[in-house]
Protein chains: 2
Amino acid sequence: MLTERQSLILQVIVDEFIQTAQPIGSRNIAKQEHISYSPATIRNEMADLEEAGFLSKTHSSSGRIPSEKGYRFYVDHLMSPSQLSKQEIKTIKEHFNDRMIELEKVMRNSANILSELTKYTTFVLGPEAYETKLKQIQIVPINQQSAIAILVTDSGHVEHRSFALPGHIEQGDVEKIVNILNEKLTGVPLIYLERVIQSEVVDLLQQYTTSYEQSYELLQDALFGKQASNIYVSGKSNILMQPEFNDINKARSLFNMMESEDQIAPILKMNQDGLHISIGQENNMEAMSQCTLITATYSFGEKQVGTIALLGPTRMEYSKAVSLLDLWSKQMSHSFQNWYKD
Amino acid sequence: MLTERQSLILQVIVDEFIQTAQPIGSRNIAKQEHISYSPATIRNEMADLEEAGFLSKTHSSSGRIPSEKGYRFYVDHLMSPSQLSKQEIKTIKEHFNDRMIELEKVMRNSANILSELTKYTTFVLGPEAYETKLKQIQIVPINQQSAIAILVTDSGHVEHRSFALPGHIEQGDVEKIVNILNEKLTGVPLIYLERVIQSEVVDLLQQYTTSYEQSYELLQDALFGKQASNIYVSGKSNILMQPEFNDINKARSLFNMMESEDQIAPILKMNQDGLHISIGQENNMEAMSQCTLITATYSFGEKQVGTIALLGPTRMEYSKAVSLLDLWSKQMSHSFQNWYKD
DNA sequence: GTTAGCACTCAACAGTACCGAGTGCTAATG
DNA sequence: CATTAGCACTCGGTACTGTTGAGTGCTAAC
C-alpha cells in the first residue's frame, strides 16, 4: 500500500508530531540523520501521502500533521515498542510487589500509577463478579429501623449496603437469617446468589423464622440493592496539560463526558479482547473526537473480565502507552495467579 | 465608614459584576431604577470608592470592578439574603427526607446536590469520629495470609481494612479475639478505642489466646491502619465554566490544588465555627487567590465537627451560596436530631 | 452638592505591510 | 526516470496604524 520510503516519512512525521504538537515541514524531516532525501523529494512524497489521506495540513502552506488514518497506519504498521525506563518498570513492579489483599485497592492504585506515568487519564474497570465467591455475610442492625448488610468476597472485596428493616421483624429472626445465609451461601459465586437463595434459602426461611415475609423482604433489600460502581478514574486533569485542550471549550466537553459514568461505562464494558486502540472519530463520541482511547483487558482467573484504559489526545505517545499497559497487564495476571494459589 | 450613597453604589456594582463579570460603568449604574444620580455624581463616588480601596479598574478608562476589600465589605454589610427558588428548597428537603442510614451516603449526596445547585465546587468534610461508637467488629480471613477487619459504627459507617495475618496465628485465636473485642468494645467511642484496648483487652488476650504476640499485632494492624479519608468533593469541573478560568493556566493550577487532598484537608479542617467566607488572598494560597471559599460547620450531636465548603470565583453569588448552605446545615442538624432519637 | 460638557484614555477591531516557514511546480541533473 | 535545485506562491504570525466606543476625570455652570 505504501512504499518503504512513504512509510518512513509517515513514521517520522508521526513520531515528531507526537513530541512537538507542531506541523512538520519537509526541511525538518530531511535534517534527520536516517533520512537521505532532499526536502523536495520529501515534499513530493508528502503530497502523495496527503492525497492518500494519511496526512493533512493546517493551512495551505503549513507543514503536515498526521490524519486519523495516518495514526491508524502508524499504530498498525509502523509503531515500534518503546523501551520503558528503569524508573517506570520499577514503579509498576513495586506496585505489584506489595501484598495484594483488597482488589479495590489494587484497582485504585493501578489507576493512579498509570495516570502518573503516562500523564493521560486512566480508567480501570474492576473485574465483574463472575468468579468471585461469597465469603461471609453480616447484618448489623444500627437502630430500630435500619441495618447494614455487609458482604465479603474471596477477592477481598467488601460491599455494604444500608437498608430499612421491615416493620416488626424480630431480632432473633435477623440472627437466624444471617446464620442460614452464611451456611448456604458461603462459597457461592456472586452471580448465582439469587438462584441459590430461591432454591435453597427461601424454604428454610419459611420454616425457621416467625416473620417470613419480612425476612425475605430484608434479604432482597440487603443483597440486591443497586451495586456500587467499580470504575476507578485517575488523572482527569492531566488532559488539561495537553496543548490540544488549550481551547477551554474542548476541555469542558471532555470533562463533562468524563464526569458522567453513564457515558464512560459502556465504552469500557465493550471488553474488546486484548489491546485495542480507538483513534479520534473511531470512538463515535463527539467529545472524544480528538482523543485516542487505548483499552486493554486483563484476566482474572479463567475468564477475562476487567478493562483498563488510557485516554489522551490523538497525538498520544502510542508506543509508550502500549508498552506500559502491556507490562501492567502482565504483572496483573501474574499477581492474580499467585493470589489464587493461596 | 462609607456614606449611604457609596454603599448603595458599591452594592450595585458588586451585584451587577457578579451577574455579568464585566466592569461596570457609571452610565449603567445611573440607568438602574433605584438610582437617582447622574453618571457624573456616580463617577465621583466611584473615584472615592476606588481611592478607599473598594473598587479597581482593569485599565485607566474602564468601568469599575470590586476589589477583594469591596467584596469583603459587601459580604459583611451589604449583602441581602437571597430568596431561594421553590425548586432549590424542594431539592434540598427531598434529599433529607430520604431515610438517612449511612452517613457516608448523606455526605456524598450533599456534595453532589450542592454543587449541582450552586454550580460551584463543593467539599464535604465528614464528621470526625468523636462521638460515634463502635457497633460491631468483624474479622474475615480471606486466605492463609490475609484477612479483612470490618468496623461498623452507630452512625452506619462501615470501615474495612485489609491486613496481613501474622504468621502462624491460629484460626481459633482469631475467633477468640473477635469475641473479646465485641464484648469489650461495643459502644465504646472510637477515639477511646485504643485506650480501652490497652486497659481491658490486652490482659484478656494474654489470658485466652495461645499466640498472644500475634494477636496483638493483628489488632494493631486491623484497627489502627491508616484511616480512609472522609472528604467528598463534587463538581470540580464546574470551575471550568466560570469565565475567570478561561485562561487555561489558572484552571490548571486550581485543578492541581483540588486534586491534592493534602492541600484541601487543612483548609477544611480549620473548622471555623459557623459560616465563614474567605475571599481571594485571604485564603493564603496562590492557586486560590482568585477564588472565594465559603465554609460552614454543621453539628452532629453535641459537638460541631463537620465542614461543608463551596469554592467559586471571588465573583461568587454570595447571597445564594450563603442561603443554600444555611438551609442545608439547618436540615442537616435537624435530621441528625431525628436520627439520634432512635 | 450636583450635573453637563468636554478632553482624554484605552481595549477592541480592522487594515496594512512584512517576515519566514513551508509548499507546489518546473526544469535541470545523474 | 527518479531525484533535486530553484523559484514563485501561500498563509499564519507579528507589528504598526487608525478608528470607534465605552468610560473616566476634571472643570465650570447650575
Side-chain angles (χ1 to χ4, degrees), chain A residues 2-10 12-17 19-67 70 243-244 246-247 315, chain B residues 2-10 12-17 19-67 70 243-244 246-247 315:
Chain A
L2 293 188
T3 67
E4 192 89 358
R5 191 165 69 185
Q6 285 174 326
S7 293
L8 180 61
I9 289 172
L10 179 57
V12 171
I13 291 175
V14 176
D15 280 337
E16 201 74 359
F17 186 69
Q19 295 306 318
T20 64
Q22 295 297 322
I24 316 299
S26 52
R27 282 178 58 82
N28 281 320
I29 298 176
K31 266 183 230 152
Q32 298 237 346
E33 304 171 359
H34 55 293
I35 300 282
S36 52
Y37 308 99
S38 76
T41 309
I42 293 166
R43 278 204 290 282
N44 289 332
E45 295 287 23
M46 291 205 299
D48 291 348
L49 282 168
E50 181 174 1
E51 200 176 1
F54 295 97
L55 297 177
S56 67
K57 299 194 255 194
T58 61
H59 59 86
S60 75
S61 70
S62 80
R64 299 305 207 289
I65 61 173
S67 65
E244 20 277 277
N246 277 350
D247 174 0
R315 185 187 61 78
Chain B
L2 293 188
T3 67
E4 192 88 359
R5 191 165 70 186
Q6 284 174 327
S7 293
L8 180 62
I9 289 172
L10 179 57
V12 170
I13 290 176
V14 176
D15 281 336
E16 202 74 2
F17 185 70
Q19 294 306 317
T20 64
Q22 295 297 322
I24 316 297
S26 53
R27 283 178 57 82
N28 281 320
I29 298 176
K31 267 185 229 150
Q32 298 236 346
E33 305 171 359
H34 54 294
I35 301 282
S36 51
Y37 308 99
S38 77
T41 309
I42 293 167
R43 278 206 288 283
N44 289 333
E45 295 287 24
M46 291 202 303
D48 291 349
L49 281 169
E50 182 174 358
E51 198 176 2
F54 295 97
L55 297 176
S56 66
K57 298 195 255 193
T58 60
H59 60 88
S60 75
S61 70
S62 79
R64 299 305 207 290
I65 62 174
S67 66
E244 20 276 277
N246 278 351
D247 175 0
R315 186 187 61 77

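Proteins get letters first, then strands, A, B, ... in listed order; numbering begins at 1 in each.
- With a heavy-atom cut-off of 4.0 Å to chain A, the contacted part of DNA chain C has its first and last nucleotide at dA21(C) to dG24(C).
- Side-chain contact between Pro243(A) and Arg315(A) is present, with at least one heavy-atom pair separated by less than 4.5 Å.
- Going from atom CD1 of Ile65(A) over to atom P of dG12(D) covers 13 Å, rounded to whole Å.
- In this structure, Glu50(B) atom CD and dG23(D) atom C1' are separated by 13 Å, rounded to whole Å.
- Remark: P of dA2(D) and CD1 of Ile42(A) are 17 Å apart, rounded to the nearest angstrom.
- Regarding Gln22(A), its CD atom lies at a distance of 19 Å from the P atom of dC11(D), rounded to whole Å.
- Not a single donor-acceptor pair under 3.5 Å links the side chain of Ser67(A) to the backbone N or O of Ser56(A).
- Proximity of Glu16(A) to Asn28(A): side-chain heavy atoms (C-beta onward) are nowhere separated by under 4.5 Å.
- Formation of a donor-acceptor pair under 3.5 Å by the Thr41(B) side chain with backbone atoms of Tyr37(B) is not found in this model.
- Distance CG (Asn28(B)) to P (dG21(D)): 16 Å, rounded to an integer number of Å.
- Atom pair Tyr37(A):OH and dA5(D):C1' shows a separation of 18 Å (rounding to whole Å applied).
- Taking side-chain N and O atoms only, Ser38(A) has a distance below 4.0 Å to OP1 or OP2 of dT4(D).
- Nearer the 5' end of DNA chain C, as judged by each residue's closest nucleotide, is the contact made by Arg43(B), out of Arg43(B) and Met46(A).
- With DNA chain C read from its 5' end, the first of the two nearest nucleotides for Thr58(B) and Thr41(B) is the one closest to Thr41(B).
- The side chain of Ser60(A) lies closest to dT10(D), out of dT10(D), dT3(D), dT4(D).
- Atom CZ of Arg27(B) sits in a sparse spot, with 12 or fewer heavy atoms from other residues, nucleotides or ligands closer than 6.0 Å.
- Atom CG of Asp15(B) is separated from atom CD1 of Ile29(B) by 11.0 Å, given to the nearest 0.5 angstrom.
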